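Since the model is a prediction, treat every value here as computed from it, not as a measurement.
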Amino acid sequence: NMLERSEWIKGCEKNLRGGTVYLKNFRCAAKAEKAILKITALGVYEVKLNGERVGDFILAPGWTSYLNRLQVQSYDVTNLLKTENSLEVTVGQGWRAIANKRDGSDFLGYRDTALIAELTIVYADGRTESIVTDSSWTARESKLRYTNIYDGDIYDATFKAGSARHCICVDLEKDMLIPQEGEKIVEQERMPALQIIKTPAGETVIDFGQNMTGYVEFRIKGTPGAQATISHGETLDRDGNFYNANYRSADAQIKFICDGEEHIYKSALTFFGFRYIRLENWPDEIKKENFTAVVVHSDIRRTGYFECSDETVNKLFKNIIWGQKSNSLDVPTDCPQRDERLGWTGDAQVFVRTASLNFDVKRFFKKWLRDLAADQGRDGCVPHVIPNIFDDMGGSSAWSDAAVICPWEIYRTYGDKAVLEEQFDSMKAWIDWMRERSENGRRSGGSHFGDWLGLDSPEGSYKGATPEDLIATAYYKYSTELFIKAAHALGRDVSEYENIPAEAAAAFRREYMENGRVKNATQTGSVLALFFDITDDRAATATQLNELVKRTGHLETGFVGTPYLLHALSDNGYAETAYDLLLRREYPSWLYPISKGATTVWEHWDGIKPDGTMWSTDMNSFNHYAYGAVADWMYGAAAGINSDPDRPGFEHIIFRPVTDRQLDFVKASIDTRRGTVASEWRRENGRIKYIFTVPEGCCASVIIGGEKHEVGAADRKSTRLNSSHLGIS
C-alpha cells in the first residue's frame with residue numbers, strides 16, 4: 001500500500017473554504033544523501049520546504065475519480081534540506097468543491113480537505129528516517145481566506161493566523177492511492193499585458209491578446225486595508241465594455257487586501273479562462289509591466305504543425321492549438337472559464353484524433369480513460385462527464401461512445417496496444433450496454449444530446465434536427481466495429497459481436513434511408529451514413545450531402561456531424577465543396593469567429609452575432625475545442641497525411657493530399673513515435689509539386705490523381721520524396 005505508515009490528517013480550522021496550512025518542523029542530524037517526499041491531498045496543494053516551492057506541479061494532485069483513484073506525487077527534495085527544516089503545505093478545495101457529494105466519506109465533509117505525506121531521508125551511513133503525517137503535525141488558517149475553482153481567491157495580506165493547532169487524524173481509506181499517472185500541470189508561457197483599455201463605461205481593462213487558461217501574476221502595494229478586485233473575461237461587448245456574463249455563476253475574481261508592503265501575487269490553488277481582466281479599486285498606478293498572464297496546462301508536447309497560403313486558415317489552426325492547450329488542464333474539458341470546466345465525453349470523443357496529432361496526449365488520455373473506466377456504471381453505462389460529478393447521467397450516443405473511440409484513436413496514432421488492453425473491459429461493457437438496449441440492430445429510446453448545437457434545429461432547441469435514434473444506431477454500428485478491431489489487435493475472440501455492425505447498418509438503412517438517400521435528410525444524417533460506412537450507395541448519399549450543403553450554402557452540423565463533414569465530402573468526390581466550407585468567411589463557418597477577433601475556437605458558430613450582440617449568456621463559451629476537430633481534415637486531406645488504420649502508429653503512412661484552386665500551398669508535419677512525417681504541395685508554373693517526408697523504417701503509399709505509388713522502407717534513398725522521385729508529373 002502507498003504511504004502505509006502515514007495517516008490522513010486535517011486541520012481543526014473553521015474556515016473550510018480558505019487555504020489550510022499544514023506544518024512540520026524537523027531536524028536532520030547529518031547530511032542527507034537522498035530525500036524523497038511522497039504526498040497527496042483531498043483538494044489541491046502547494047508544498048514548500050524551508051520557504052522554497054517543491055516541484056513545478058500546479059494544482060497537484062490533479063483531478064481524478066477521487067473515490068477510486070487519487071494520484072500521489074514524488075519529489076526529490078535532497079537539495080532543499082538543511083539542519084533545521086520546516087515543511088509547509090497549503091491545501092485548498094480545488095476540484096473537490098465541484099465533486100459530487102458522494103466523493104466525501106463518513107469522516108470527511110465533501111468540502112473538507114485532508115493531507116497525507118511521507119518524507120524519507122537516507123543518510124550517508126545508510127540510516128533512513130521517515131517524517132510521516134500524524135497528529136504531531138500542526139495546522140493554521142492561511143492568508144488565503146477563500147479559494148475556489150470557479151470563484152477565485154480572496155487573499156488578505158493583513159490576516160494574522162492564531163497559533164497552529166495539532167492536526168486530527170482521519171480514518172480515510174488509502175486503497176485509492178496510486179502513483180502519478182497523468183502529465184503534471186505546469187506553467188507553460190508568460191504573456192505580457194498587451195494594452196490598458198479605458199472602456200466607454202469607464203472601466204480599466206487589461207488585454208493580454210490571447211484567450212487562455214491560467215492566472216495573472218501581478219505586483220501590488222496599496223495602503224493597509226485597501227481592497228482591489230480583478231475580474232476575468234474572454235471578450236468585450238459590442239460597445240467595447242468588459243463582458244463576462246457568459247461565465248454564468250462563476251465569479252472568477254481575485255480580491256486582494258493590502259497591508260502596505262509590496263507583493264507579487266498569483267493564484268496557487270485555482271485557475272481561470274480569460275483574455276481580459278478588469279481592475280476595480282486598484283490602489284497603485286496601473287502599469288502594463290506589473291501584470292503578466294501565466295499560461296497553465298498539462299505538460300503535453302506539441303507535435304503537429306500546419307500552414308497554407310490562406311492567412312485566415314493559419315489563424316484558425318493557431319486558434320485550434322490554443323483551444324486544446326486551454327482545455328487540457330489535467331482532464332479534456334469542454335471549456336476553462338464558466339461554472340463547468342468538466343471532462344465532457346462527447347467533446348473529448350470528437351476531438352481526440354485532432355488532439356493526438358497536435359500534441360503528444362498518450363499519457364494524458366490514458367489517465368483520463370482509467371477514470372472513465374472507474375466511473376463507468378456496473379451495468380456498463382458511461383457517464384457524460386469524467387470524473388463524474390453527476391448522479392445518474394450517462395448513456396448518450398456520441399458521448400458515452402468515448403469509451404471505445406478514445407482508446408482506439410490513441411492506439412491509431414501511437415500504435416501502443418497497452419491502451420486497448422487496459423480499456424478493453426470498459427469498451428466491452430459499453431458495447432454490451434448498447435446491445436441490451438437494441439432491437440434488430442437499432443438503438444432507440446434513452447436520453448441523448450443528439451446533434452448538439454446543430455444549426456438546423458428549431459429556435460430555442462440546443463439539439464440539431466437529426467433524429468436521436470438515427471445517431472444512436474449509427475454510433476452503435478461504428479463503436480462495435482472499432483471494438484472488434486481492438487479485439488483483433490489484441491488477438492481476442494469476439495465472434496459473438498461480429499454480426500452487430502452489419503445488423504446495425506441494415507437497421508439504419510431500413511429505418512432512415514431510401515434508395516441510398518437519408519429520409520428527411522439533415523447534413524449530419526448523411527455525414528454519418530457516409531463516414532461510418534453505413535450506406536449501400538455511396539454515390540447517392542454523397543450527392544445528397546452535397547446538395548444539402550449547396551442548398552444552404554453553409555454547414556448546419558452540430559457536435560456530431562461537424563468533425564466528419566469535410567471527410568464525408570472529400571472522400572466521396574466533393575472536395576471542392578469541402579474546401580468551400582473550410583474557406584467560407586461569413587457566418588456560419590470556421591473562419592467567421594476570426595472576423596470577430598477570436599483567438600480560440602468557440603462553442604457556438606455565432607457566439608458573437610454579425611451585429612455584435614451575444615448569442616446568449618446561458619451557454620456561450622469562447623474557448624471550446626470541439627469544432628476544432630476540423631484540424632484532423634486539415635492534416636489528413638488538405639495536407640494528405642494519414643496513418644494506415646490496419647498498421648497503426650504511422651508504421652505505414654498513406655499520403656493522399658487533396659488540392660484546391662483556392663490555395664497556392666499547404667504544408668504540415670506530425671512528430672510521430674517513429675519520427676517526423678511531413679507533406680507539402682505547392683503550385684509552381686501551373687503545376688503542383690509534392691514533397692513528402694517519411695521516417696526511417698516506415699513504408700508509405702502515395703495516392704495522387706487516383707494513382708497509387710508504393711514506397712517500401714528499403715526503396716528510399718532519402719527521407720524526402722518529391723514528385724519526380726515518384727514519377728508524378
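By the 4.0 Å N-to-carboxylate-O rule, Lys325 lies close enough to Glu189 to be salt-bridged with it. Ion pairing between Lys174 and Glu4 fails under the 4.0 Å rule for side-chain N and carboxylate O. Using a 4.0 Å cut-off between charged side-chain N and carboxylate O, Arg219 and Glu289 make no salt bridge. Classification of Glu234 and Arg275 as a salt-bridged pair fails, no side-chain N sitting under 4.0 Å from a carboxylate O. Salt-bridge check for Glu88 with Lys48: failed, with every basic side-chain N at 4.0 Å or more from each acidic carboxylate O. Taking the charged nitrogens against the carboxylate oxygens, Glu181 and Arg69 do have a contact shorter than 4.0 Å, which makes a salt bridge. Here Asp112 does not pair with Arg96 in a salt bridge; the nearest charged N to carboxylate O distance is not below 4.0 Å. Look at Lys255 and Asp153 and you find no salt bridge, because none of the NZ, NE, NH1 or NH2 atoms lies under 4.0 Å from a carboxylate O. Between Arg301 and Asp671 there is a salt bridge, with a side-chain nitrogen of the basic residue lying less than 4.0 Å from a carboxylate oxygen of the acidic one. Electrostatic pairing of Lys367 and Asp330 counts as a salt bridge here, judged by a charged N lying under 4.0 Å from a carboxylate O. With respect to Glu129 and Arg127, no salt bridge is recorded, no charged nitrogen being found less than 4.0 Å from a carboxylate O.
Of the possible donor and acceptor atoms, none in the side chain of Glu217 sits under 3.5 Å from a partner among the backbone N and O of Lys266. In this structure a side-chain-to-backbone donor-acceptor pair under 3.5 Å is missing from Asp284 to Ile220. Remark: the backbone N or O of Thr138 is not paired with any side-chain donor or acceptor of His166 at under 3.5 angstrom. When atom types are taken as modelled, the side chain of Ser130 and the backbone of Val132 share no donor-acceptor pair closer than 3.5 angstrom.
Note that CD1 of Ile149 is 8.5 Å distant from CH2 of Trp63, once rounded to the nearest 0.5 Å. In this structure, CG on Asp339 lies 9.5 Å from CD1 on Ile98, to the nearest 0.5 angstrom. Taking OH of Tyr243 as the start and CG of Leu236 as the end, the distance is 12.0 Å to the nearest 0.5 Å. For the atom pair CE of Met2 and CD1 of Ile178, the computed distance is 9.0 Å after rounding to the nearest 0.5 Å. To the nearest 0.5 Å, atom OG of residue Ser298 and atom CD1 of residue Ile185 are 5.0 Å apart. Rounded to the nearest 0.5 angstrom, Asn290 CG and Lys221 NZ are separated by 12.0 Å.
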**Study point:** side chain to side chain contact (heavy atoms under 4.5 Å, CB included) between Thr676 and Ile670, intermediate numbers included
**Key:** CA-CA 6 Å; Thr676 301; Ile670 301 166; over 6 Å; no
Exercise for review: Check step by step if salt bridge (charged side-chain N to carboxylate O under 4.0 Å, His left out) holds for Arg27 and Glu84.
Suggested key: CA-CA 5 Å; Arg27 193 161 198 280; Glu84 300 293 337; 2.5 Å; yes
Practice item. Could you go through the side chain to side chain contact (heavy atoms under 4.5 Å, CB included) check for Val170 and Trp8 one step at a time? Key: CA-CA 5 Å; Val170 282; Trp8 279 104; 3.6 Å; yes
Practice item. In sequence, state the C-alpha distance, the side-chain angles, and the governing distance for Ser135 and Ile9, and then conclude on side chain to side chain contact (heavy atoms under 4.5 Å, CB included). Key: CA-CA 7 Å; Ser135 58; Ile9 56 171; over 6 Å; no
Check your understanding: Between Thr229 and Gln253, does a side chain to side chain donor-acceptor pair (under 3.5 Å) hold up when you go through it step by step?
Key -> CA-CA 7 Å; Thr229 302; Gln253 287 185 334; 5.5 Å; no
Exercise for review: Kindly indicate, with the supporting measurements, whether the criterion side chain to side chain contact (heavy atoms under 4.5 Å, CB included) is fulfilled by Thr213 and Val295.
Suggested key: CA-CA 6 Å; Thr213 298; Val295 178; over 6 Å; no
**Study point:** Residues Asp416, Lys366; criterion salt bridge (charged side-chain N to carboxylate O under 4.0 Å, His left out); working and verdict
**Key:** CA-CA 11 Å; Asp416 179 9; Lys366 279 178 84 168; 3.6 Å; yes
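No side-chain donor-acceptor contact under 3.5 Å links Thr133 and Glu7. With hydrogens and angles left out, the side-chain atoms of Ser426 and Gln376 include a donor and acceptor closer than 3.5 Å. Counted by atom type alone, Asn50 and Ser86 present zero donor-acceptor pairs between their side chains at under 3.5 Å. A donor and an acceptor atom, one from each side chain of Thr113 and Lys10, are nowhere located under 3.5 Å apart. There is no side-chain donor-acceptor pair under 3.5 Å between Gln71 and Tyr66. Judged purely by distance below 3.5 Å, without hydrogens or angles, the side chains of Asn319 and Thr600 never pair a donor atom with an acceptor atom. Checked by atom type, the side-chain pair Thr599/Asn211 shows no donor-acceptor distance below 3.5 Å. Side-chain contact check for Ser621 and Gln337: at least one donor-acceptor pair (N or O, by modelled atom type) lies under 3.5 Å. Checking Asp371 against Thr64 by side-chain atom types alone, no donor-acceptor pair falls below 3.5 Å. Defined by atom type and a distance below 3.5 Å, a donor-acceptor pair is present between the side-chain atoms of Gln73 and Tyr45. Side-chain polar atoms of Asp151 and Tyr146 form a donor-acceptor pair below 3.5 angstrom. Side chains of Lys24 and Ser136: a donor-acceptor N/O pair is present below 3.5 angstrom, by distance only. Using modelled atom types, one finds no donor on one side chain facing an acceptor on the other under 3.5 Å when comparing Thr147 with Arg17. Looking only at atom types and distance, the side chain of Asn327 has a donor-acceptor partner in the side chain of Thr333 under 3.5 Å away. In the model, Asp259 has no side-chain atom that pairs as donor or acceptor with a side-chain atom of Thr158 under 3.5 Å.
The cationic atom of Arg341 (NZ for Lys, CZ for Arg) lies less than 6.0 Å from the six-membered ring centre of Phe271 and within 45° of the ring axis. For the pair Arg145 and Phe159, the distance from NZ or CZ to the six-membered ring centre is under 6.0 Å and the angle to the ring normal is within 45 degrees. For the pair Arg302 and Tyr305, the distance from NZ or CZ to the six-membered ring centre is under 6.0 Å and the angle to the ring normal is within 45 degrees.
Between Tyr155 and Phe256, the ring-plane angle classifies as parallel under the 30° and 60° cut-offs. Between Trp344 and Phe390, the ring planes are tilted. Angles from 30° to 60° get that label.
Looking at Lys417, Lys362, Arg370 one by one, the single match for salt bridge (Lys or Arg N to Asp or Glu O under 4.0 Å) with Glu422 turns out to be Arg370. The side chain to side chain contact (heavy atoms under 4.5 Å, CB included) with Val47 is formed by just one residue from the set Leu115, Leu87, Val77; it is Leu87. The side chain to side chain contact (heavy atoms under 4.5 Å, CB included) test with Phe242 is passed by exactly one of Ile277, Thr204, Ile197, Val205: Val205.
In terms of heavy-atom proximity, Ile410 sits nearest to Val361 at CD1-CG2, 4.1 Å. For the residue pair Cys28 and Phe26, the shortest heavy atom distance occurs at SG-CE1, 4.1 Å. When all heavy atoms are compared, the tightest approach of Ser6 to Glu118 is OG-CB, 3.5 Å.
In summary, the aromatic rings of Tyr265 and Phe218 are positioned with their centroids under 6.0 Å apart.
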